[in-house]
Amino acid sequence: MPTRYEPDSFESRWRQRWADAGLFRTRQDPGRQKFYGLDFFPYPSGAGLSVGHLRNYIPTDVLCRMKTMQGFNVLHPMGWDAFGLPAENEAISRQTKPGPMVREYADVYKRQMNLVGIGYDWDRELNSSDPSYYRWTQWIFLLLYERGLAYHGDYPANWCPVDKTVLANEEVEGGLCWRCGTPVEKKVLKQWFFRITEYAQRLIDDLDTIDWPEGIKMMQRNWIGRSDGVEFDWDVIEHPGAKFRVFTTRIDTVYGATFCVLAPEHPLVQTITTPQQKPEVDAYIARSKLLSETDRLATGREKTGVFTGAHAQNPFTKQPVPIFVADYVLMDYGTGAIMAVPAHDERDYDFAVRYDLPIVQVIKPSSGETPTLPFTLEDGELVSSGAHSGLRCADAKKKMAQELQAEGRGASRVNYRLRDWLISRQRYWGCPIPIVHCETCGIVPVPKDELPVLLPDVDHYQPTNTGESPLAGIEQFVLTSCPKCKGVAKRETDTMGGFACSSWYFFRFCDPHNAHAPFDSNLVKYWMPVDCYVGGAEHAVMHLLYARFWTKVLFDAGMVPFNEPFQVLRNQGALLASTPYRKPRENETLKTGEEGIQISFEEAKALPADQVFWRWARMSKSKGNVVTPDEGVARYGADALRVYELFEAPFEQTIQWSDERVMGAVRFLSRTFKLASEIRPSYDPDWRTAVQSAKLEKADRDMRCLTHNTILKLTDDIASFKFNTAVAAMMEFLNGIADYAKRSPNTAVISEAIETFILLLSPIAPHTADELWEMFGKEGFTLRQEWPAADDALLRSDTVTIVLQVNGKTRGNIEAPAGAERTHLEQLALNHEKVRQHVGQSAVKKVIVVPDKLVNVVAE
RNA sequence: GCCCGGGUGGCGAAAUGGUAAACGCAGGGGACUUAAAAUCCCCCGGGGCAACCCUUGCGGGUUCGAGUCCCGCCCCGGGCACCA
């Protein structure tokens with residue numbers, strides 16, 4: 001029997017046996033509870049996995065393995081987010097076809113996942129670019145269309161000139177394309193949208209019902225951006241009958257509204273601009289059209305605008321105020337027009353200062369201080385506000401909204417920042433949109449029984465720069481007949497963005513081979529919602545928002561009986577690798593945020609040491625700092641890799657790859673083998689009966705106490721994602737058993753300990769657990785064993801350490817029988833030498849006794 | 001600027017308001033070995049010969065007792081950022 005951890009000698013053998021036995025095939029016994037553990041749907045990139053990705057997969061696997069042993073029916077599937085931009089771009093640069101390429105890469109991912117013993121049910125493997133899958137993506141598109149939630153329209157959308165496609169708002173980060181970092185441009189194109197805005201309120205409200213990281217919930221709330229305000233009309237003085245609506249959240253400040261601003265695109269601008277001002281206004285509008293999104297968003301940009309020559313009447317003060325056009329007002333939020341209150345709004349203040357407009361303070365802070373303007377807090381009362389003066393801000397808001405409503409001039413109104421989800425992409429590699437454009441019938445959905453609309457297999461699929469998908473150039477695809485009138489018609493040639501495919505895959509896993517429907521409602525009802533969803537935090541407002549939206553649509557359609565797909569969400573921390581950089585040379589410049597030029601490990605070796613510095617960076621192929629699972633397993637073993645990643649730090653924390661620390665995991669597993677081999681000869685498989693009749697000494701009872709406390713600790717820690725302390729508890733357990741083994745251990749007690757140890761180790765280091773299990777003469781797999789149960793009666797030791805304090809300072813401790821009387825403990829404390837020494841001549845004021853814990857003597 | 005997380009030994013970290021630093025890494029000393037590796041044993045926050053004293057970013061507070069709770073700051077990481 002081996003006395004140390006030699007992974008090469010047994011790990012691959014167990015993986016083979018697991019596969020042969022179909023160990024991870026989903027079980028659906030009636031009468032058992034279900035558990036659905038899911039990892040984010042990955043795009044299998046050609047770079048393959050790094051040990052960094054395993055921080056996602058290993059913890060979910062540990063949890064699913066424990067749940068299996070606890071008797072749950074566990075669904076733990078994996079599949080491939082194969083459609084979309086990343087796959088297509090990679091295929092273009094490799095001059096190959098995306099379909100076969102992704103399948104090849106997926107096989108690599110699959111092999112690497114298996115290599116570290118992740119227990120996926122591969123019978124349920126999905127590929128979103130497979131017609132048997134995207135047929136149902138199209139089906140759900142049509143469901144949205146039927147329900148009025150998909151529409152086709154002209155909108156100035158975000159266009160990425162490098163990827164040559166439009167992007168959803170969620171895919172634009174600070175004015176840059178989230179994939180390639182190119183500044184996006186506005187381009188007006190006919191686009192497909194999903195009406196996610198209709199679900200805005202539900203998407204906010206239901207966040208309260210799910211167990212997600214607070215940060216992610218907050219990002220979603222911010223992204224949806226609810227704001228409560230009032231919408232009301234302003235009359236244009238020079239044009240009787242002409243009026244415009246403004247939206248404001250601060251109607252209480254309306255007496256300080258000294259001008260109004262219209263967005264450059266506002267339709268009224270043309271009507272009201274005076275001939276005198278027209279040249280200037282037209283020039284301004286022309287200029288603002290030329291501005292890119294990035295320029296318009298640039299922070300600290302000076303506010304600009306021009307006077308239209310027209311005035312509006314402030315409905316509260318009845319005073320005329322000038323109307324400006326300015327690009328700091330956006331046409332697609334609120335009404336595209338605002339009332340400007342420079343005294344109480346920073347943007348309006350900046351504008352007023354620049355154009356020398358009156359600034360009238362109408363809110364007095366409740367602190368009583370004279371505020372520096374702009375004063376934007378709502379903690380105050382109204383002044384110089386006619387009949388409304390003296391009201392507190394909150395009360396004024398309510399009252400003034402009611403008055404506007406009564407006059408028929410306006411109403412309370414809720415606005416959301418969220419925009420509809422732009423789904424069409426002018427790219428080849430995506431799910432075709434199942435729509436036909438007919439000259440007589442217009443937009444016609446492809447009948448559901450004619451799905452899927454197959455993506456043609458072509459050799460040339462490079463994106464065009466025309467705003468049309470390359471599919472538009474493929475006649476066999478485009479030309480079709482209208483499903484309604486049978487006349488000549490053209491297919492929609494845009495494809496769906498990748499996020500459509502990943503918005504429902506978790507349903508498909510419940511019923512992956514269904515040829516008649518996207519899924520069987522009963523199966524989804526059984527497995528869903530997902531009990532634990534694990535992935536990186538970068539999808540906070542993309543995938544996670546879209547998936548929630550689709551789930552609600554399916555709920556409304558009566559297809560699923562719940563509103564939220566992911567009951568529990570957890571984000572794993574990143575794994576960083578030490579990466580070499582050098583100082584820039586002459587004529588080299590650094591981009592902002594860069595500290596140096598990233599170099600290869602070879603270059604780092606070749607350069608003199610003082611020219612190289614090391615920083616922690618995410619593992620990526622381009623940085624050359626990747627450790628692959630293959631390398632990790634070859635060097636240290638799969639179980640050591642698992643133990644290391646679980647133990648290094650809390651699950652959600654970023655960690656730094658360290659060979660030395662992985663060696664710590666190797667040592668732990670080696671000590672495990674050593675101890676197991678020492679105990680093996682005296683192991684008694686019938687310890688359960690023997691332990692009942694045995695006469696146990698205190699050391700024996702303490703050993704059992706540790707065994708049962710460790711069961712409790714592991715069960716709780718794994719369930720609550722505290723894998724680092726779970727591993728630490730196993731190390732303590734091992735040390736405890738080793739110490740006990742050195743004395744004259746009771747055979748039954750040590751047999752119980754080692755057997756329990758092996759089973760508790762199973763989710764964390766499954767190869768090792770199964771190997772030891774077999775060495776102990778057992779049949780089958782540890783995954784098929786029952787998870788140990790802690791015996792409550794054994795959790796408490798019969799003696800406890802009582803801490804003795806004088807005035808809150810620890811002065812010693814005593815051993816006392818558990819459950820000793822308070823008065824008894826008090827006496828023991830007062831008689832203790834150290835305590836008496838520190839109390840000295842002082843009078844004892846009182847004594848605090850915490851049973852089984854501590855005695856604190858309070859003295860003068 | 002706003003909103004979330006975090007600041008504890010040389011390092012990663014642990015701690016239901018109850019002995020701060022469990023568990024591990026690195027380091028030091030020793031055993032075994034011809035030697036090295038591996039392994040095993042001991043030490044390992046700071047000060048002090050000791051009794052003891054000090055120590056969880058900083059300053060206050062609550063409490064018999066605070067890393068933990070409350071108030072006010074400082075620093076680091078992440079997200080959002082003209083949304084009226």
Side-chain angles (χ1 to χ4, degrees), chain A residues 3-4 173-174 213-219 221-223 225-227 229-231 246-251 253 257 261 263 296-303 326-330 332-341 344-348 350-351 376 415-419 537-538 540-541 571 643-644 647-650 652-656 658-668 670-671 674 722 724-735 738 801-813 834 837-838 845-850 852-859:
Chain A
T3 56
R4 50 190 203 133
E173 293 172 346
E214 214 35 61
I216 302 280
K217 288 192 187 183
M218 197 55 68
M219 280 190 245
R221 285 194 197 99
N222 288 343
W223 186 259
R226 178 187 165 119
S227 65
V230 170
E231 220 177 77
V246 304
F247 173 74
T248 179
T249 55
R250 293 298 307 273
I251 188 66
T253 65
V261 184
R296 236 177 122 160
L297 285 171
T299 40
R301 196 172 137 249
E302 234 184 316
K303 309 248 167 327
D327 65 7
Y328 80 90
V329 173
L330 309 172
D332 54 359
Y333 183 79
T335 58
I338 62 157
M339 64 174 208
V341 186
H344 304 290
D345 181 285
E346 274 176 38
R347 296 150 299 176
D348 299 344
D350 292 346
F351 193 86
T376 56
N415 250 309
Y416 299 93
R417 256 186 49 162
L418 181 72
R419 312 290 157 78
E538 65 276 6
V541 290
N571 302 125
V643 168
Y644 163 71
F647 178 62
E648 184 63 3
E652 63 283 359
Q653 201 145 319
T654 296
I655 64 173
Q656 300 169 344
S658 156
D659 294 284
E660 283 157 347
R661 291 181 197 277
V662 191
M663 282 311 296
V666 171
R667 276 199 284 272
F668 163 64
S670 275
R671 280 186 286 125
K674 180 160 177 275
K722 290 192 247 169
N724 59 328
T725 51
V727 174
M730 287 304 282
M731 289 173 171
E732 285 184 73
F733 190 22
L734 183 77
N735 295 343
T801 306
I802 306 288
V803 173
L804 304 180
Q805 297 186 335
V806 177
N807 290 333
K809 290 199 181 208
T810 303
R811 296 302 177 189
N813 60 66
K834 288 275 178 197
Q837 198 179 314
H838 281 92
K845 271 204 324 201
K846 64 173 162 174
V847 180
I848 312 273
V849 180
V850 184
D852 288 349
K853 282 262 161 158
L854 148 154
V855 180
N856 185 11
V857 178
V858 186

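Protein chains get the first letters and strands the later ones, always in sequence-line order, with residue 1 at the start of each.
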At under 4.0 Å between heavy atoms, what does [X] touch on the DNA or RNA strands: base, sugar-phosphate, or nothing?
X: A:Gln653; answer: sugar-phosphate
X: A:Gly664; answer: sugar-phosphate
X: A:Arg226; answer: nothing
X: A:Lys809; answer: sugar-phosphate
X: A:Phe647; answer: base
X: A:Asp350; answer: nothing

(request) Choose from B:C64, B:A14, B:A84 the nucleotide whose nearest atom is closest to any side-chain atom of A:Ile848. (result)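 The answer is B:C64.
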
(request) Would you indicate which nucleotide in B:A84, B:C11, B:C64 comes nearest to any side-chain atom of A:Arg661? (result)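 So the side chain of A:Arg661 is nearest to B:C11.
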
How many whole angstroms separate atom [atom1] of [X] from atom [atom2] of [N]?
X: A:Ile655; N: B:G77; atom1: CD1; atom2: C1'; value: 17 Å
X: A:Met219; N: B:G77; atom1: CE; atom2: C1'; value: 13 Å
X: A:Glu660; N: B:G12; atom1: CD; atom2: C1'; value: 12 Å

Does [X] place a side-chain N or O at less than 4.0 Å from the phosphate oxygens OP1/OP2 of [N]?
X: A:Ser227; N: B:A84; result: yes
X: A:Arg667; N: B:C25; result: yes
X: A:Arg811; N: B:C53; result: yes
X: A:Tyr333; N: B:A84; result: yes
X: A:Lys853; N: B:G18; result: no
X: A:Asn724; N: B:G12; result: no

(message) Taking the basic N atoms (NZ, or NE/NH1/NH2) and the acidic carboxylate oxygens, is any pair closer than 4.0 Å for A:Asp332 and A:Arg419?
(response)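 Salt bridge: yes.
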
(request) Verify whether one side chain among A:Tyr644 and A:Asp659 offers a donor that lies under 3.5 Å from an acceptor in the other. (result)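 The answer is no; no qualifying pair exists.
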
(request) Please determine which of A:Val806, A:Val847, A:Asn807 meets the side chain to side chain contact (heavy atoms under 4.5 Å, CB included) test together with A:Val858. (result)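 Testing A:Val858 for a side chain to side chain contact (heavy atoms under 4.5 Å, CB included) against A:Val806, A:Val847, A:Asn807 leaves exactly one candidate, A:Asn807.
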
(message) Quiz question: going by heavy-atom distance under 3.5 Å, is there a donor-acceptor pair between the base of B:G1 and the side chain of A:Glu346?
(response)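 Side chain to base: no pair below 3.5 Å.
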
(message) For a quick check, tell me whether the side chain of A:Lys845 and the base of B:C64 share a donor-acceptor pair closer than 3.5 Å.
(response)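 Answer is no: no donor-acceptor pair is held.
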
(message) Between B:G78 and B:G72, how many Å separate the two P atoms, rounded to a whole number?
(response)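 Between the two P atoms, the distance is 26 Å.
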
(message) Counting only heavy atoms not in A:Gln656 (residues, nucleotides, ligands), do more than 12 fall under 6.0 Å from its CD?
(response)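 It does: A:Gln656 CD has more than 12 such atoms within range.
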
